[in-house]
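Just so you know, residue 1 is the first one in the sequence shown, and it goes up from there. Both ligands and their constituent atoms are indexed starting at 1 by order of listing.
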Amino acid sequence: MYIGTQDLLKQYDAYLLEHGYQIEELVNLASDALLNHFTKYNRFAILIGPGNNGADGYSLGLKLEKLGKHVIYYYSGDIGKVSQANRYYRDQCKENHLIYVDEDNINTINWNDYDCIVDGLFGFGLNSAPRGMYKIIIESIMNNYNGTIGAIDIPTGLDCNTGKAYDGALKADFTVTLTALKQGFLDPRSLEYTGKVILETLAVKDCFKEAGLFEYVGEDYAKEHLRKRVYNGYKNIYGVDGLIVGSDQYTGAPLLATKAAYYTGAGIVKTITSEKVTSLLPLYIPEAIPVLRPQIFRYDDFDGYDALLVGCGLGLEERAFRAVIDIMTASICPLVIDADALTILSRNMHLLEKQDRSVILTPHIGEFKRLCHVEDYPDLMIAAQSFASQYHCILVLKGPHTIVTDGKSSYRIASGNKAMAVGGMGDTLAGIITSLLGQGYEPLEAAILGVYIHGRAGDEVAKHAYTVIPEKLIEEIPHTMALLIGEIEK
Ligand SMILES: NC(=O)C1=CN([C@@H]2O[C@H](COP(=O)(O)OP(=O)(O)OC[C@H]3O[C@@H](n4cnc5c(N)ncnc54)[C@H](O)[C@@H]3O)[C@@H](O)[C@H]2O)[C@@H](O)CC1
Ligand SMILES: Nc1ncnc2c1ncn2[C@@H]1O[C@H](COP(=O)(O)OP(=O)(O)O)[C@@H](O)[C@H]1O
């Protein structure tokens, strides 16, 4: 299953059109996919907007008419300004089935004459609140209609990217969404407007990835990719991780990252940290190996590691800058960069350009903006893809349904919940991803799997808790992994 934003979906349509498809043909395929979901109704009012959502409405209506259904098309706006496909399908409709709605006749329409209203007013092309007659039509239906409303692609008035309703939106009973889920549907509050969401893909060449759509990653991915531990495994085969984390000022983050790495299955974790943290570490997690962080790293300080993590409570003092620069220039194994190290990196972006190894960056949105030196983005998913592609790195952009992308393949992760908005949660995730990287998972796989496991462990805790404390989440990790691998039952 794939996910798109308004711009990504436009990109997908453009990709198909550039690869030999005609827009009328796509609309025909869209109505083929829609048809089954409407055949149980008999009398249809199809609301038609000016774009291809309206074209889908006409094309669907023509097919319903062929099945003997009663169909009336209600349209409005400037008829001279409709899309090419909209005109093409409109021309095939019988004149006496087309009703132009204006202020004079809106109150004469009895919507309850129909057992189904099909919403083909606006789809992903809507870019502001419906105005004028469109708004009046929506209000008239919402105030008077008692039957079933089925939306094509997106209920009119719902923002495709945010899932927020504009002033004037239809509340559908069900939405048949085409090609990909819309980013806005990830926000559960959108359900009030979409009703049940049914995804239908069109019968076209599989080009979701080429066109840049995001894959939605759930339990199936984790089950397929998570590996069983082997019968005669020895700790070294599960990796030696070096965590360059913590400072005398920030002592909690390194403890959480270290514990999370162990609980995710790391063989050995060496926590290269400040003096204060070296003394706290064994009390919190006796398995950990504290290493006092040198003022200046030498090349051989990085020998023998399978994965490195830098960040998590490192601070922003001069020696933290020194440490990040040393790690970026003198170490060679796969690297995870989190928290303060991202802020330091944002002032030294040239360091990222020179990396000849896998680098995973795990910013939250604030850190990402700092890395990009921008205040806002028209489309976060596209911004994430471009960043990863420009810097040849893997980007884990944290938030609800965290984004993971290497610029070529892009994902949104299904697990995680609002109870996880607690300090220390990012440090926990960084430890999990580093652990998987050290265990030999491919870097992109480690990032996706790490985010899924983190969110899933959080979901397990949230089943019986109002907040998810990182400590509790970490302790849930081994159980969650055993569940996913099928070694224990729910
Ligand atoms: N790959 C796919 O998923 C396909 C999608 N199709 C359909 O095409 C739709 C997208 O078509 P379009 O890009 O033409 O977009 P829409 O049909 O959503 O509407 C775009 C039109 O609405 C106007 N508009 C936008 N906001 C407005 C506002 N607030 N008030 C008044 N007018 C406004 C625009 O100027 C444009 O004319 C999809 O939602 C889907 O239903 C199919 O037709 C083809 C294949
Ligand atoms: N509302 C939410 N829904 C889902 N996941 C969330 C939510 N809030 C936070 N998270 C997750 O918690 C983690 C928070 O990371 P971060 O902001 O770096 O925390 P910190 O800096 O405090 O360690 C991320 O993995 C994020 O995806």
Top protein contact for [atom], by heavy-atom distance:
| atom | value |
| --- | --- |
| atom 45 (C) of ligand 1 | Leu202 CD1, 3.7 Å |
| atom 23 (C) of ligand 1 | Phe122 CE2, 3.9 Å |
| atom 30 (N) of ligand 1 | Arg131 NH2, 3.9 Å |

Answer yes if a protein heavy atom lies under 4.0 Å from atom 35 (O) of ligand 1, otherwise answer no.
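Not a single protein heavy atom is under 4.0 Å away.
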Is atom 28 (C) of ligand 1 near the protein, in the sense that some protein heavy atom lies at less than 4.0 Å from it?
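Within 4.0 Å of atom 28 (C) of ligand 1, protein heavy atoms are found.
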Would you say the side-chain atoms of Ser83 pair up with the backbone N or O of Asn86, donor to acceptor, closer than 3.5 Å?
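Yes; judged by distance alone, with no hydrogens or angles, the pair exists.
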Check whether any side-chain N or O of His373 sits under 3.5 Å from a backbone N or O of Ser346 as a donor-acceptor pair, and report yes or no.
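Yes; at least one donor-acceptor contact below 3.5 Å.
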Backbone, side chain, both or neither: what part of [X] comes under 4.0 angstrom of ligand 1, heavy atoms only?
| X | result |
| --- | --- |
| Leu9 | neither |
| Asp153 | side chain |
| Ala129 | backbone |
| Pro50 | side chain |
| Asn53 | both |
| Asp56 | side chain |

For ligand 1, which atoms, with element, lie under 4.0 Å from some heavy atom of Gly123?
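Counting atoms of ligand 1 from 1, those under 4.0 Å from Gly123 are 16 (P), 18 (O), 39 (O).
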Ligand 1 atoms in contact with Tyr12 (distance to a heavy atom under 4.0 Å)
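Here the atoms of ligand 1 in question are 1 (N).
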What does the N/O contact table under 3.5 Å look like for ligand 2?
from     : atom 1 : to     : atom 2 : distance (Å)
ligand 2 : 3 (N)  : Asn417 : O      : 3.2
ligand 2 : 15 (O) : Gly426 : N      : 3.3
ligand 2 : 18 (O) : Lys398 : NZ     : 2.6
ligand 2 : 19 (O) : Gly426 : N      : 3.2
ligand 2 : 22 (O) : Gly424 : N      : 2.9
ligand 2 : 23 (O) : Gly424 : N      : 3.3
ligand 2 : 23 (O) : Met425 : N      : 3.3
ligand 2 : 23 (O) : Gly426 : N      : 2.7
ligand 2 : 23 (O) : Asp427 : N      : 3.3
ligand 2 : 27 (O) : Gly399 : N      : 3.2
ligand 2 : 27 (O) : Gly399 : O      : 3.2
ligand 2 : 27 (O) : Thr402 : OG1    : 3.2

Verify the ring-centre separation between Tyr73 and Tyr58: is it less than 6.0 angstrom?
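Here the rings of Tyr73 and Tyr58 have centres that are less than 6.0 Å from each other.
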Whether Arg90 engages the ring of Tyr75 as a cation-pi pair (distance to the six-membered ring centre under 6.0 angstrom, angle to the ring normal within 45°) should be assessed.
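Cation-pi check for Arg90 and Tyr75: passes.
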About how many Å separate NZ of Lys63 and OG of Ser31, when rounded to the nearest 0.5 Å?
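Rounded to the nearest 0.5 Å, the OG-NZ separation comes to 2.5 Å.
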Would you mind listing every side chain to side chain donor-acceptor pair (under 3.5 Å) that reaches into residues 244-262, with sequence neighbours excluded?
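Checked against side chain to side chain donor-acceptor pair (under 3.5 Å) - neighbours excluded - the pairs reaching residues 244-262 are Asp248-Ser274, Thr258-Thr271, Lys259-Glu471, Lys259-Glu475.
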Measure the acute angle between the ring planes of Tyr12 and Phe208, then classify it against the limits of 30° and 60° as parallel, tilted or perpendicular.
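Geometry flag for Phe208 against Tyr12: parallel rings.
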Would you please name every residue forming a salt bridge (Lys or Arg N to Asp or Glu O under 4.0 Å) with Arg456, sequence neighbours left out?
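Once residues adjacent in sequence are excluded, the partners of Arg456 under the salt bridge (Lys or Arg N to Asp or Glu O under 4.0 Å) criterion are Glu219, Glu460.
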Partners passing side-chain hydrogen bond (donor to acceptor under 3.5 Å, both in side chains) against Thr273 (at least two apart in sequence or in another chain):
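For Thr273 there are no side-chain hydrogen bond (donor to acceptor under 3.5 Å, both in side chains) partners, ignoring immediate neighbours.
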